[in-house]
Student: 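Provided herewith is a single structure, encoded as structure tokens, for subsequent inquiry.
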Amino acid sequence: MIRWEREGYVVAFSTREGGVSEGPFASLNLGRLAADPSANVDENRRRLCEAVDAEVGALAFNRQVHSTLVHRARAGGRGIEGDGLWTDEPGVPMLAFAADCVPIAIARTDGERRLAVLHGGWRGLADGIVLEGVGAVGGETAAVVGPAIGPCCYEVGPEVAARFDPDLTLDGRLDLWSAAERRLREAGVASVERVDLCTACHPELFFSHRRDRGVTGRQGVIGALA
């Protein structure tokens, strides 16, 4: 688990370590859209919540569809199409899944505490998921860009590269880390931290949809007000 130290908030990026799943889903798979028994996924989510002192029954997450939809989280709310959640309520942990896409957390640093977690694939980043997330949080903000497929491994075609600034695609490889940071700064986020770990390069730590050709699990970012 990789924690983001931010006063007033609890934010962590999960790895694949510490769960009960087996085979290509070993071991802390958080996603159900795979051939992993649901009982394993439920236990993995329980363990994740326990690690950050959150109530698993209150855990909120979307049915992710590579959109720009950012919803207010509802305790225990699940299955609504979208790719971001935000809250200003204690006791409402939020989870965004990823397996190469960029997990992002955005925290308000002035006034009332507000937190958003986002799932940012190339389409969401290009279409404006970050701007929606920053807008939902409001005020002065700080953000962290979590583990995702790196510029070392993320080959894209010209139709994808054309959606981003030219310097973000070198030798046919898109830099999602920098693309996410640039979107955050363009949206007015004052402080942006990055993990800069490639999910494809580290099979011991992360699931990777591209590396594993779709037969893989999901890690994610979990966040709540402290």
Side-chain angles (χ1 to χ4, degrees), residues 1-64 71-80 82-108 113-119 133 137 142-148 193 195 197 199 202-209 216-226:
M1 184 172 293
I2 302 166
R3 294 180 183 266
W4 185 41
E5 300 300 330
R6 177 61 54 176
E7 185 176 357
Y9 300 94
V10 176
V11 175
F13 299 97
S14 69
T15 69
R16 67 185 301 166
E17 298 178 325
V20 299
S21 297
E22 299 178 344
F25 313 111
S27 65
L28 194 72
N29 170 40
L30 302 175
R32 277 192 172 165
L33 299 181
D36 189 15
S38 59
N40 289 347
V41 178
D42 288 345
E43 174 60 16
N44 292 338
R45 291 173 178 173
R46 187 197 67 77
R47 291 186 180 199
L48 176 66
C49 287
E50 182 179 59
V52 297
D53 197 26
E55 172 54 53
V56 68
L59 184 64
F61 49 85
N62 292 318
R63 183 164 70 83
Q64 296 174 184
H71 303 293
R72 183 178 185 126
R74 177 174 56 84
R78 304 174 181 187
I80 296 175
D83 289 83
L85 291 167
W86 72 274
T87 190
D88 58 3
E89 299 180 56
V92 184
M94 305 172 294
L95 177 62
F97 306 100
D100 280 339
C101 294
V102 187
I104 300 169
I106 305 165
R108 185 165 179 170
R113 288 179 298 159
R114 288 191 179 191
L115 179 69
V117 297
L118 310 177
H119 159 254
V137 171
V144 59
V145 178
E193 299 176 47
V195 174
L197 283 174
T199 48
H202 294 281
E204 77 285 2
L205 284 177
F206 303 113
F207 301 108
S208 168
H209 186 271
T216 195
R218 297 292 184 274
Q219 56 260 344
V221 55
I222 188 168
L225 304 189

Student: Mind checking what makes salt bridge (charged side-chain N to carboxylate O under 4.0 Å, His left out) contact with Arg47, not counting sequence neighbours?
Tutor: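 Partners of Arg47 by the salt bridge (charged side-chain N to carboxylate O under 4.0 Å, His left out) criterion, ordered by chain and then number, come out as Glu43.
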
Student: Checking Asp53 against Val10 for the side chain to side chain contact (heavy atoms under 4.5 Å, CB included) test, could you report, in this order, the C-alpha distance in whole Å, the side-chain angles of both residues, the deciding distance, and whether it holds?
Tutor: CA-CA 9 Å; Asp53 197 26; Val10 176; over 6 Å; no

Student: Sequence neighbours left out, what passes side chain to side chain donor-acceptor pair (under 3.5 Å) with Arg113? Give chain and number order.
Tutor: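 So Arg113 forms no side chain to side chain donor-acceptor pair (under 3.5 Å) with any residue.
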
Student: Would you say His209 and Thr199 make side-chain contact, with heavy atoms under 4.5 Å?
Tutor: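 His209 does not reach Thr199 side chain to side chain.
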
Student: List the atom of Ala148, the atom of Cys101, and the distance in Å for their closest heavy-atom pair.
Tutor: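 What the structure gives for the nearest pair is CB-O, 3.5 Å.
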
Student: Restricting to non-hydrogen atoms, name the atom on Ala73 and the atom on Thr87 that form the minimum distance, rounded to 0.1 Å.
Tutor: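 Looking at all heavy atoms of both residues, the closest pair is CB-CB, 4.4 Å.
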
Student: State which residues pass side chain to side chain contact (heavy atoms under 4.5 Å, CB included) with Ala98; sequence neighbours excluded, sorted by chain then number.
Tutor: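 With neighbours one apart ignored, the set is Pro103.
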
Student: Got a sec, which residues hit side chain to side chain donor-acceptor pair (under 3.5 Å) with Ser21, two or more places apart in sequence or on another chain?
Tutor: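 In terms of side chain to side chain donor-acceptor pair (under 3.5 Å), with neighbours along the sequence ignored, Ser21 is linked to Asp36, Asn44.
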
Student: Which pairs pass salt bridge (charged side-chain N to carboxylate O under 4.0 Å, His left out) with one or both residues in residues 5-28, sequence neighbours excluded?
Tutor: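 Qualifying pairs, neighbours excluded: Arg6-Glu193.
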
Student: Kindly indicate whether the side chain of Asp83, heavy atoms from C-beta on, has any atom under 4.5 Å from the side chain of Leu118.
Tutor: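 With C-beta onward as the side chain, the pair stays apart.
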
Student: Judged by atom type as modelled, is there a donor-acceptor pair below 3.5 Å linking the side chain of Ser208 to the main-chain atoms of Asp100?
Tutor: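 No; judged by distance alone, with no hydrogens or angles, the pair does not exist.
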
Student: The criterion is side chain to side chain contact (heavy atoms under 4.5 Å, CB included); which residues satisfy it with Asn62, sequence neighbours excluded?
Tutor: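 Asn62 satisfies side chain to side chain contact (heavy atoms under 4.5 Å, CB included) with Gln64, His71, Leu85 only.
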
Student: Please determine whether side chain to side chain contact (heavy atoms under 4.5 Å, CB included) holds for the pair Asp88 and Arg72, giving the CA-CA distance in whole Å, both sets of side-chain angles, and the decisive distance to 0.1 Å.
Tutor: CA-CA 9 Å; Asp88 58 3; Arg72 183 178 185 126; 2.5 Å; yes

Student: Do Ile222 and Leu59 touch side chain to side chain, with heavy atoms closer than 4.5 Å?
Tutor: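 Side-chain contact under 4.5 Å: yes.
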
Student: For the atom pair CZ (Arg218) and CG (Leu28), what is the distance rounded to the nearest 0.5 Å?
Tutor: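 Spacing of CZ (Arg218) from CG (Leu28) equals 14.0 Å.
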
Student: Taking side chain to side chain donor-acceptor pair (under 3.5 Å) as the test, write out the residues that go with Arg78, two or more places apart.
Tutor: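 In terms of side chain to side chain donor-acceptor pair (under 3.5 Å), with neighbours along the sequence ignored, Arg78 is linked to no residue.
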
Student: Taking all atoms of both residues into account, what is the closest heavy-atom pair of Met1 and Ala51, and its distance?
Tutor: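 Minimum heavy-atom separation between Met1 and Ala51: CE-CB, 3.7 Å.
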
Student: Go through the structure and list residues passing salt bridge (charged side-chain N to carboxylate O under 4.0 Å, His left out) with Glu50, not counting sequence neighbours.
Tutor: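 Scan of Glu50 (salt bridge (charged side-chain N to carboxylate O under 4.0 Å, His left out), adjacent residues dropped) gives Arg46.
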
Student: Mind checking what makes side chain to side chain donor-acceptor pair (under 3.5 Å) contact with Ser14, not counting sequence neighbours?
Tutor: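 By the side chain to side chain donor-acceptor pair (under 3.5 Å) rule, Ser14 matches no residue at all.
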
Student: Decide yes or no on side chain to side chain contact (heavy atoms under 4.5 Å, CB included) for Val102 and Val145, but give the supporting numbers first.
Tutor: CA-CA 7 Å; Val102 187; Val145 178; 3.4 Å; yes

Student: Pick from Val117, Leu115, Val11, Val137: which one makes a side-chain contact (heavy atoms from CB on, under 4.5 Å) with Ile106?
Tutor: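 Running side-chain contact (heavy atoms from CB on, under 4.5 Å) over Val117, Leu115, Val11, Val137 with Ile106 returns exactly one hit, Val137.
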
Student: For residues 9-55, which residue pairs pass the ring-ring contact (aromatic ring centres under 6.0 Å, His included) check, not counting sequence neighbours?
Tutor: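 Of all non-adjacent pairs touching residues 9-55, none passes ring-ring contact (aromatic ring centres under 6.0 Å, His included).
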
Student: Run the side-chain donor-acceptor check on residues 89-97: report pairs under 3.5 Å with partners two or more places apart or on a different chain.
Tutor:
none

Student: Any chance you could measure Phe61, atom CZ, to Arg45, atom CZ, to the nearest 0.5 Å?
Tutor: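 If we round to the nearest 0.5 Å, Phe61:CZ and Arg45:CZ are 4.0 Å apart.
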
Student: Any idea which heavy atoms bring Val221 and Ala105 closest together, and the distance?
Tutor: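 Looking at all heavy atoms of both residues, the shortest contact is CG2-CB, 4.4 Å.
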
Student: Give the minimum heavy-atom separation between Leu30 and Gln219, together with the two atoms involved.
Tutor: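 What the structure gives for the nearest pair is CD1-C, 4.0 Å.
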
